[in-house]
Amino acid sequence: MDLSGTYGTLGGPNITINSLTKDKISFILSDTDLSVANALRRVMIAEVPTVAIDMVEFEANTTVLADEFLAHRLGMIPIDSRDVEKLRYTRDCTCSQYCPECSVELTLHVKCTDDRTKYVTSRDLISSNPSFVPVIQDKHDPGVLLVKLRKGHELKLKCIAKKGVAKEHAKWSPVCGVSFEYDPYNKLRHTSYWFEEDEKAEW
(Lines give C-alpha, C1' and ligand atoms only; values in the text may rest on other atoms or scores of the structure.)
Protein backbone atom coordinates (compact mmCIF):
# COMPACT_ATOMS: atom_id res chain seq x y z
CA MET A 1 0.00 0.00 0.00
CA ASP A 2 1.52 3.27 -1.14
CA LEU A 3 1.30 5.98 1.51
CA SER A 4 3.45 8.53 -0.30
CA GLY A 5 1.81 11.89 -0.46
CA THR A 6 -0.61 11.05 2.34
CA TYR A 7 0.58 14.05 4.31
CA GLY A 8 0.80 16.36 1.31
CA THR A 9 3.59 18.86 1.91
CA LEU A 10 4.37 17.29 5.31
CA GLY A 11 7.26 14.83 5.37
CA GLY A 12 5.69 12.48 7.87
CA PRO A 13 5.58 12.28 11.68
CA ASN A 14 8.70 13.20 13.66
CA ILE A 15 9.12 12.73 17.41
CA THR A 16 11.53 14.76 19.53
CA ILE A 17 11.81 13.59 23.14
CA ASN A 18 12.16 16.46 25.59
CA SER A 19 12.38 14.44 28.81
CA LEU A 20 12.14 10.78 29.75
CA THR A 21 11.92 9.45 33.29
CA LYS A 22 10.82 6.20 34.89
CA ASP A 23 7.17 7.25 34.96
CA LYS A 24 6.85 10.23 32.62
CA ILE A 25 7.68 11.23 29.05
CA SER A 26 7.39 14.57 27.28
CA PHE A 27 7.85 14.78 23.53
CA ILE A 28 7.05 16.92 20.50
CA LEU A 29 5.18 15.33 17.60
CA SER A 30 5.72 17.38 14.46
CA ASP A 31 5.18 17.25 10.70
CA THR A 32 1.85 15.51 11.02
CA ASP A 33 -1.85 16.20 11.35
CA LEU A 34 -3.61 17.02 14.60
CA SER A 35 -5.78 13.91 14.20
CA VAL A 36 -2.66 11.70 14.35
CA ALA A 37 -1.66 13.25 17.68
CA ASN A 38 -5.13 12.63 19.08
CA ALA A 39 -5.15 9.06 17.73
CA LEU A 40 -1.81 8.40 19.45
CA ARG A 41 -3.21 9.79 22.71
CA ARG A 42 -6.29 7.56 22.51
CA VAL A 43 -4.22 4.44 21.74
CA MET A 44 -1.94 5.06 24.74
CA ILE A 45 -4.95 5.45 27.03
CA ALA A 46 -7.18 2.61 25.87
CA GLU A 47 -5.44 0.08 23.63
CA VAL A 48 -2.09 -0.79 25.22
CA PRO A 49 -2.38 -4.18 26.99
CA THR A 50 -1.44 -4.41 30.65
CA VAL A 51 -2.04 -6.74 33.61
CA ALA A 52 -4.52 -5.87 36.36
CA ILE A 53 -6.33 -7.71 39.14
CA ASP A 54 -9.63 -8.99 37.74
CA MET A 55 -10.90 -11.47 40.34
CA VAL A 56 -10.65 -11.45 44.14
CA GLU A 57 -11.53 -14.36 46.44
CA PHE A 58 -11.85 -13.42 50.13
CA GLU A 59 -11.13 -16.01 52.81
CA ALA A 60 -11.24 -13.63 55.76
CA ASN A 61 -12.12 -9.97 56.06
CA THR A 62 -12.77 -8.47 59.46
CA THR A 63 -11.63 -4.97 58.43
CA VAL A 64 -13.88 -1.90 58.37
CA LEU A 65 -14.14 -2.06 54.55
CA ALA A 66 -16.54 -4.30 52.65
CA ASP A 67 -15.32 -6.97 50.23
CA GLU A 68 -16.54 -5.04 47.19
CA PHE A 69 -14.74 -1.87 48.28
CA LEU A 70 -11.45 -3.70 48.75
CA ALA A 71 -11.86 -5.58 45.45
CA HIS A 72 -12.22 -2.27 43.63
CA ARG A 73 -9.10 -0.85 45.30
CA LEU A 74 -7.13 -3.99 44.44
CA GLY A 75 -8.18 -3.74 40.80
CA MET A 76 -6.68 -0.26 40.57
CA ILE A 77 -3.23 -1.27 41.84
CA PRO A 78 -0.69 -0.87 38.98
CA ILE A 79 1.15 -4.08 38.15
CA ASP A 80 4.46 -4.22 36.30
CA SER A 81 3.44 -5.22 32.77
CA ARG A 82 6.71 -5.14 30.83
CA ASP A 83 6.36 -8.85 30.04
CA VAL A 84 2.64 -8.67 29.24
CA GLU A 85 3.21 -10.23 25.80
CA LYS A 86 4.07 -13.51 27.55
CA LEU A 87 0.49 -13.81 28.79
CA ARG A 88 -2.52 -14.78 26.71
CA TYR A 89 -5.85 -13.02 26.79
CA THR A 90 -8.38 -15.12 28.71
CA ARG A 91 -10.56 -15.30 25.59
CA ASP A 92 -7.65 -16.86 23.67
CA CYS A 93 -6.72 -19.41 26.34
CA THR A 94 -7.96 -23.01 26.34
CA CYS A 95 -8.41 -23.18 30.13
CA SER A 96 -11.87 -23.14 31.71
CA GLN A 97 -11.35 -20.09 33.97
CA TYR A 98 -7.71 -19.17 34.56
CA CYS A 99 -4.26 -20.75 34.42
CA PRO A 100 -0.57 -19.66 34.51
CA GLU A 101 -0.69 -19.12 30.73
CA CYS A 102 -3.30 -16.35 30.96
CA SER A 103 -3.21 -15.11 34.55
CA VAL A 104 -1.11 -14.37 37.61
CA GLU A 105 -2.09 -15.28 41.16
CA LEU A 106 -1.40 -12.86 44.01
CA THR A 107 -2.06 -13.61 47.67
CA LEU A 108 -2.34 -11.41 50.75
CA HIS A 109 -2.62 -12.36 54.41
CA VAL A 110 -2.21 -9.70 57.09
CA LYS A 111 -3.35 -9.77 60.71
CA CYS A 112 -2.99 -7.03 63.30
CA THR A 113 -1.94 -8.26 66.75
CA ASP A 114 -0.68 -4.97 68.19
CA ASP A 115 -2.45 -1.98 69.68
CA ARG A 116 -1.00 0.20 66.93
CA THR A 117 -2.71 0.71 63.55
CA LYS A 118 -1.34 -1.58 60.86
CA TYR A 119 -1.24 -0.38 57.25
CA VAL A 120 -1.96 -2.91 54.50
CA THR A 121 -0.42 -1.83 51.20
CA SER A 122 0.36 -3.25 47.77
CA ARG A 123 3.73 -4.35 49.18
CA ASP A 124 1.87 -7.08 51.09
CA LEU A 125 0.72 -8.73 47.84
CA ILE A 126 2.78 -11.82 46.99
CA SER A 127 2.85 -12.74 43.30
CA SER A 128 3.18 -16.26 41.90
CA ASN A 129 5.11 -14.81 38.95
CA PRO A 130 8.08 -12.52 39.73
CA SER A 131 7.63 -10.78 36.36
CA PHE A 132 4.25 -9.40 37.43
CA VAL A 133 4.39 -7.62 40.77
CA PRO A 134 2.80 -4.40 42.07
CA VAL A 135 4.69 -1.32 40.89
CA ILE A 136 7.02 0.09 43.56
CA GLN A 137 8.98 3.26 42.77
CA ASP A 138 11.92 2.61 45.12
CA LYS A 139 12.81 1.12 48.50
CA HIS A 140 11.25 4.11 50.26
CA ASP A 141 7.89 3.74 48.49
CA PRO A 142 5.38 2.31 51.02
CA GLY A 143 3.08 1.10 48.24
CA VAL A 144 -0.59 1.79 47.57
CA LEU A 145 -2.61 1.89 50.80
CA LEU A 146 -5.46 -0.64 50.80
CA VAL A 147 -6.84 -0.56 54.33
CA LYS A 148 -5.87 0.15 57.94
CA LEU A 149 -6.18 -2.61 60.55
CA ARG A 150 -6.67 -2.40 64.28
CA LYS A 151 -5.99 -5.12 66.82
CA GLY A 152 -7.86 -8.31 65.96
CA HIS A 153 -8.53 -7.35 62.33
CA GLU A 154 -7.50 -9.81 59.63
CA LEU A 155 -7.44 -9.77 55.85
CA LYS A 156 -6.77 -12.89 53.80
CA LEU A 157 -7.48 -13.10 50.08
CA LYS A 158 -6.39 -14.39 46.69
CA CYS A 159 -6.31 -12.27 43.55
CA ILE A 160 -6.25 -13.31 39.91
CA ALA A 161 -4.65 -10.77 37.60
CA LYS A 162 -5.34 -10.97 33.87
CA LYS A 163 -4.26 -9.31 30.65
CA GLY A 164 -6.58 -6.69 29.19
CA VAL A 165 -6.96 -3.22 27.67
CA ALA A 166 -8.61 -0.08 29.03
CA LYS A 167 -11.37 -0.24 26.43
CA GLU A 168 -12.77 -3.05 28.60
CA HIS A 169 -12.11 -1.39 31.98
CA ALA A 170 -10.09 1.60 33.19
CA LYS A 171 -8.02 -0.59 35.53
CA TRP A 172 -6.05 -1.80 32.48
CA SER A 173 -5.04 1.72 31.46
CA PRO A 174 -1.22 1.99 31.44
CA VAL A 175 -1.26 5.75 32.05
CA CYS A 176 -2.80 8.07 34.59
CA GLY A 177 -3.17 10.81 32.01
CA VAL A 178 -2.21 11.67 28.45
CA SER A 179 -2.58 15.16 27.09
CA PHE A 180 -1.30 17.18 24.19
CA GLU A 181 -1.19 20.87 23.37
CA TYR A 182 -1.36 22.13 19.82
CA ASP A 183 1.20 24.87 19.05
CA PRO A 184 1.61 25.84 22.75
CA TYR A 185 3.55 29.03 21.98
CA ASN A 186 1.30 30.08 19.09
CA LYS A 187 4.24 30.19 16.69
CA LEU A 188 1.93 29.44 13.79
CA ARG A 189 -0.34 32.33 14.79
CA HIS A 190 -3.44 30.14 14.52
CA THR A 191 -4.89 31.74 17.63
CA SER A 192 -5.79 35.39 18.10
CA TYR A 193 -5.42 36.26 21.76
CA TRP A 194 -8.00 38.69 23.11
CA PHE A 195 -6.83 41.88 24.71
CA GLU A 196 -8.70 44.93 25.88
CA GLU A 197 -8.45 47.86 23.47
CA ASP A 198 -11.03 50.18 24.99
CA GLU A 199 -12.25 49.77 28.55
CA LYS A 200 -15.53 51.68 27.99
CA ALA A 201 -16.34 49.89 24.74
CA GLU A 202 -15.73 46.45 26.26
CA TRP A 203 -17.56 46.97 29.54
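Residues take their numbers from the sequence shown, with the count starting at 1.
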Between atom [atom1] of [X] and atom [atom2] of [Y], what is the distance when rounded to the nearest 0.5 Å?
X    : Y    : atom1 : atom2 : result
L74  : L157 : CG    : CG    : 6.0 Å
L125 : C159 : CG    : SG    : 5.5 Å
E168 : S173 : CD    : OG    : 12.5 Å
I45  : C176 : CD1   : SG    : 10.0 Å
E101 : C93  : CD    : SG    : 6.5 Å
T94  : R88  : OG1   : CZ    : 5.5 Å

Exercise for review: Output, in order, the C-alpha distance, side-chain angles, deciding distance and verdict of side-chain contact (heavy atoms from CB on, under 4.5 Å) for K22 and Q137.
Suggested key: CA-CA 9 Å; K22 186 177 179 180; Q137 292 291 333; 4.1 Å; yes
Should [X] and [Y] be regarded as members of a common hydrophobic cluster, given that ILVMFWY residues are connected when their side-chain heavy atoms come within less than 4.5 Å of each other, either directly or indirectly?
X    : Y    : answer
M55  : V51  : no
L149 : V64  : yes
L20  : F27  : yes
I136 : Y119 : no
V165 : I160 : no

Review point. Hey, mind stepping through L146 and L108 against side-chain contact (heavy atoms from CB on, under 4.5 Å) and telling me if it holds?
Key: CA-CA 11 Å; L146 293 171; L108 183 149; 4.0 Å; yes
Exercise for review: Give a yes or no on this: more than 12 heavy atoms of other residues, nucleotides or ligands lie within 6.0 Å of atom CZ of F69.
Suggested key: no
**Study point:** H72 atom NE2, neighbour heavy-atom count above 12 within 6.0 Å
**Key:** no
Test your reading of the model: is there a side-chain donor-acceptor pair from [X] to the backbone of [Y], 3.5 Å cut-off?
X    : Y    : value
T107 : K158 : no
W172 : V48  : no
T62  : E154 : yes
D83  : E85  : no
D33  : V36  : no
S81  : V84  : no
N61  : L65  : yes
D124 : T121 : yes
R150 : D115 : yes
S128 : E105 : yes

Any side-chain heavy atom of [X] sitting closer than 4.5 Å to one from [Y]?
X    : Y    : value
E47  : R42  : no
K171 : D54  : yes
D114 : K118 : no

Exercise for review: Start with the C-alpha distance between L70 and V56, add both sets of side-chain angles, then the distance that settles side-chain contact (heavy atoms from CB on, under 4.5 Å), and finish with yes or no.
Suggested key: CA-CA 9 Å; L70 284 170; V56 183; over 6 Å; no
Point to revise | Within 45° cone of Y89 ring axis and under 6.0 Å: K163 NZ or CZ | key: yes
Review point. Salt bridge between K156 and E57, side-chain N to carboxylate O under 4.0 Å?
Key: no
Check your understanding: Is the closest side-chain donor-acceptor distance between S127 and N129 under 3.5 Å?
Key -> no
**Study point:** Nearest heavy atoms of G143 and S122, plus distance in Å
**Key:** CA-OG, 3.4 Å
Exercise for review: Locate the shortest heavy-atom distance separating R73 from L145; write the atom from each residue and the value.
Suggested key: NH2-O, 2.5 Å
Review point. Can you check side-chain contact (heavy atoms from CB on, under 4.5 Å) on L87 and K162, steps first, answer last?
Key: CA-CA 8 Å; L87 286 180; K162 296 184 178 182; over 6 Å; no
Check your understanding: Between T50, L106, D80, I79, which is the residue that forms a side-chain contact (heavy atoms from CB on, under 4.5 Å) with F132?
Key -> I79
